[in-house]
Amino acid sequence: MTNNNSSNSMNPKEAKQKLNSFKNEVASSMNINLQQGYNGDITARDAGRIGGQMVKRMIEYAEQNMQGQN
């Protein structure tokens, strides 16, 4: 079931900015330097590590916020 609460929604541009900020935060914590815009010079391994860590953190966040809602 989806939650259509307007306080939880954001426009696509705002969502993209937040996701990019999150990606940069994760990359920085892993000592991977990302630049604004194109990052085709990083290895596929590093790109995968960043994406994997992002998913891991999002799952942890969701699990923490779901506790007590059952």
Side-chain angles (χ1 to χ4, degrees):
M1 184 170 187
T2 60
N3 182 0
N4 291 329
N5 186 348
S6 63
S7 67
N8 289 335
S9 64
M10 62 180 76
N11 65 48
K13 185 176 181 179
E14 185 180 12
K16 185 174 182 177
Q17 288 172 341
K18 287 188 179 259
L19 195 56
N20 278 331
S21 176
F22 179 51
K23 176 175 61 176
N24 287 324
E25 176 187 326
V26 169
S28 178
S29 73
M30 300 173 74
N31 294 321
I32 300 171
N33 295 321
L34 293 182
Q35 298 175 5
Q36 201 71 1
Y38 180 72
N39 282 288
D41 57 339
I42 67 170
T43 65
R45 180 179 179 155
D46 283 344
R49 288 175 54 216
I50 293 168
Q53 192 62 230
M54 289 174 69
V55 170
K56 180 180 175 184
R57 291 185 189 189
M58 285 186 269
I59 290 170
E60 288 172 352
Y61 176 80
E63 288 175 343
Q64 288 173 357
N65 286 299
M66 288 173 47
Q67 291 176 359
Q69 291 185 6
N70 293 331

#### Entry: Note, Leu19 side chain near Lys16 side chain (heavy atom, < 4.5 Å)
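No - every pair of side-chain heavy atoms lies 4.5 Å or more apart.
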### Message
Determine whether a donor-acceptor pair (N or O, by modelled atom type, separation under 3.5 Å) exists between the side chain of Ser29 and the backbone of Val26.
### Response
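Present.
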#### Entry: Distance, nearest 0.5 Å, that separates CD1 of Ile50 from CD1 of Ile32
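Those atoms lie 4.0 Å apart.
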### Query
NZ of Lys56 to CZ of Arg49: how many Å apart, nearest 0.5 Å?
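Output value for this atom pair is 12.0 Å.
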### Task
Indicate the atoms forming the closest heavy-atom contact of Met30 with Gln53, along with that distance.
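Minimum heavy-atom separation between Met30 and Gln53: SD-CB, 4.0 Å.
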### Task
Write down the atom of Asn33, the atom of Asn39, and the distance for their closest heavy-atom approach.
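Smallest interatomic distance, heavy atoms only, reads O-OD1, 4.4 Å.
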### Message
Other residues, nucleotides and ligands only: do more than 12 of their heavy atoms fall within 6.0 Å of CD on Glu14?
### Response
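Atom CD in Glu14 is packed in, count exceeds 12.
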### Query
Do Phe22 and Met10 belong together in a cluster built from hydrophobic side chains that touch within less than 4.5 Å?
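Different clusters.
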### Message
Pair Asn20, Gln17 - check side-chain contact (heavy atoms from CB on, under 4.5 Å), show working.
### Response
CA-CA 5 Å; Asn20 278 331; Gln17 288 172 341; 5.9 Å; no
